[in-house]
Amino acid sequence: MEQLNKNPRRDFLKTSAIVTGGLMLQPFSLPGAFAAGSDEIKIAVIGCGGRGTGAVFQAFDTGHNIKLVAMADAFRDRIDKSYEPIFNKYGKDKVDVPEERKFVGFEGYKEAIKLADVVILAAPPGFRPDHFEEAVRQGKQIFMEKPVAIDATGIRKVLAAAEEAKKKKLNVVVGLQRHYQENYRETIKRIHDGVVGDIIGGQVYWNDGGVWVNPRQPGQTEMEYQMRNWYYFNWLCGDHIVEQHVHNLDVANWVKNSYPVKAYGTGGRQVRTGKEYGEIFDHHSITFTYADGTVIFSECRHFPGATNRVDERFQGTKGNVYLSAGNHGMLTEWGGKEIYNHKRENNPNPYQVEHDELFDAIVKGEYKFADAENAAKSTMTAILGRYATYSGKEITWDEALNSTMDLMPEKLAWDAMPKVLPDEDGFYPYAIPGKTKVI
Ligand SMILES: NC(=O)c1ccc[n+]([C@@H]2O[C@H](COP(=O)([O-])OP(=O)(O)OC[C@H]3O[C@@H](n4cnc5c(N)ncnc54)[C@H](O)[C@@H]3O)[C@@H](O)[C@H]2O)c1
């Protein structure tokens, strides 16, 4: 628990050299066959959905000698749907996942992790703390998707495992891929060099129309329904502020070289009110205050048909910043004179770069990436925002990080009950600002 009381700014400054792009180099030995002299790297994927499958493609596309040896998913049909395109593209020499290495259910991840040198953790974020902790315990090199938890209880577990990963010199890359995207790297380097002065304010946005729904099927248990619709349940997703907006909040933390000390905000369900949308809000607007007094305004919403915006803007004492995943990276003086405008063509795909850099380090036997601590603190930033909008209260970083509320079900099984259940009409309870307790 000691790390909960540390000054997050000081922590960030200590680790930012690592989190912003592999600057710390230390040799390590890979466990297993790879260390024993074979140049084949065995990988396993945990969570075989869109991102897990994509990450396997990207691992293969690094061009290194990679073999997929195990797949784990809660559902068998998701493994099959993922296996087919992977096998069709890379073939039997690269894809060696017989029946006995396809692990179905809640516990299969442990066996899959055992079989690999490198693991891809891409299940819904509620499971990430346990999956990450186990991968670190087993001494594996790790690629894990963001967000890395859904509540403070999970964040504390990830922070502890991140410390352990550092001690064991396990490379950990997290899919906050803006850290691996050229326009962000080049522009933020210049911000840190001071070309727009001190950053004193900013606005970060993830406003779009929302995501998929999987309609309830006859015979489904409540656990299966929630798992198939993980996006709409906080124990699995953390709300869209955590699942998506973490990217933009992470950029704010990176630009500021620190984490917020408090948050205050408003949110609710205005447009997406149906029972199929579970318990999450459809909008959050928050002011995050940093230790030096800087205020970053954050807005995320799922309003189909409204104006979309996913980007980050910052104001410095000497100029302005505009960044987006569409390769924008623009620095201007007050008054508009251009200081830097990142080229928008021919930028490498950051999803590929994160795997290229991870596997290059592994092949060279380098310890280069320790993304988990920053990912945990940026995920915590989003959770802090959710705590503020759900409660309607100003919440400090320390209060939030020390929250002992645990949203996970007591038991993980298809006939077990999640903690949040629908009423007789099928509607789920959701937070009421001013009444809901989050701490
Ligand atoms: N970096 C990015 O830009 C980016 C983009 C998309 C998704 N993601 C992240 O990737 C993760 C997965 O998202 P997705 O879009 O692939 O979702 P998805 O629903 O397509 O895939 C998730 C998979 O995990 C499986 N799963 C559920 N519980 C599991 C468990 N306990 N053990 C093993 N598998 C389990 C599901 O059955 C499903 O197949 C999320 O954390 C998401 O935020 C990141």
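Whatever order the structure lists ligands and atoms in, that order sets their numbers, starting from 1. Remember, it's a predicted structure, so these values are computed and weren't measured experimentally.
Taking every non-hydrogen atom of Tyr351 and a distance limit under 4.0 Å, the qualifying atoms of ligand 1 come out as 1 (N), 2 (C), 3 (O). Atoms of ligand 1 lying under 4.0 Å from any heavy atom of Met227, numbered from 1 in the order shown and given with element: 27 (C), 28 (N). Those atoms of ligand 1 with a heavy atom of Ala122 less than 4.0 angstrom away are 11 (C), 12 (C), 22 (C). Listed by number with element, the atoms of ligand 1 under 4.0 Å from a non-hydrogen atom of Phe75 are 37 (O). Short contacts between ligand 1 and Pro147, defined as distances under 4.0 Å to a heavy atom of the residue, involve ligand atoms 41 (O), 43 (O). Near His247, the atoms of ligand 1 lying under 4.0 angstrom from a non-hydrogen atom of the residue are 1 (N), 2 (C), 3 (O).
Residue Lys81 places every heavy atom at 4.0 Å or more from ligand 1. Contact annotation: Trp230 has at least one heavy atom less than 4.0 Å from an atom of ligand 1. Taking a 4.0 Å cut-off on heavy atoms, Arg228 fails to register as neighbouring ligand 1. Under a 4.0 Å heavy-atom criterion, Tyr109 is not in contact with ligand 1.
Considering only non-hydrogen protein atoms, atom 42 (C) of ligand 1 sits nearest to Glu243 OE2, 3.2 Å. Nearest to atom 26 (N) of ligand 1 among the protein's heavy atoms is Pro124 CD, 3.5 Å. Scanning the protein heavy atoms around atom 29 (C) of ligand 1, the nearest turns out to be Ala74 CB, 3.7 Å. For atom 25 (C) of ligand 1, the nearest non-hydrogen atom of the protein is Asp73 OD2, 3.1 Å. The protein atom (non-hydrogen) at minimum distance from atom 32 (N) of ligand 1 is His131 CE1, 3.5 Å. For atom 20 (O) of ligand 1, the closest non-hydrogen atom on the protein side is Gly50 N, 2.9 Å. Taking atom 16 (O) of ligand 1 as the reference point, the nearest protein heavy-atom neighbour is Arg51 N, 2.7 Å. Among protein heavy atoms, atom 9 (C) of ligand 1 sits closest to Lys146 O, 3.4 Å.
No cation-pi contact links Arg269 to Phe281, judged by a cut-off of 6.0 Å to the six-membered ring centre and 45° from its axis.
By the 3.5 Å distance cut-off applied to N or O atoms, Trp212 is not counted among the residues near ligand 1.
Checked against the 6.0 Å centroid criterion, the rings of Phe233 and Tyr428 qualify as a close aromatic pair. Between His355 and Phe143, the ring center distance clears the sub-6.0 Å criterion.
Formation of a donor-acceptor pair under 3.5 Å by the Arg272 side chain with backbone atoms of His302 is not found in this model. Without hydrogens or angle criteria, Gln226 side chain to Glu224 main chain gives no donor-acceptor distance under 3.5 Å.
In the model, Tyr430 has no side-chain atom that pairs as donor or acceptor with a side-chain atom of Asp239 under 3.5 Å. No donor-acceptor contact under 3.5 angstrom links the side chains of Asn65 and Glu40, judged on distance only. Side-chain N/O atoms of Asn347 and His342 include a donor and acceptor closer than 3.5 Å.
With Asp130 as reference, Lys157 is the one residue of Lys110, Lys157, Arg137 to meet the salt bridge (Lys or Arg N to Asp or Glu O under 4.0 Å) rule.
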Sequence neighbours left out, cut at 3.5 Å: what donor-acceptor pairs do the side chains of residues 81-89 make with other protein atoms?
from: Ser82; atom 1: OG; to: Thr53; atom 2: OG1; distance (Å): 2.8
from: Asn88; atom 1: ND2; to: Glu84; atom 2: O; distance (Å): 3.4

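Only side-chain heavy atoms of Arg128 come within less than 4.0 Å of ligand 1; its backbone N, CA, C and O stay farther off.
For the pair Tyr180/Asp371, a side-chain contact is recorded, criterion being any heavy-atom separation below 4.5 Å from C-beta on.
By the side chain to side chain contact (heavy atoms under 4.5 Å, CB included) test, Ser285 is found to be paired with Phe297, Glu299, residues two or more places apart in sequence or in another chain being considered.
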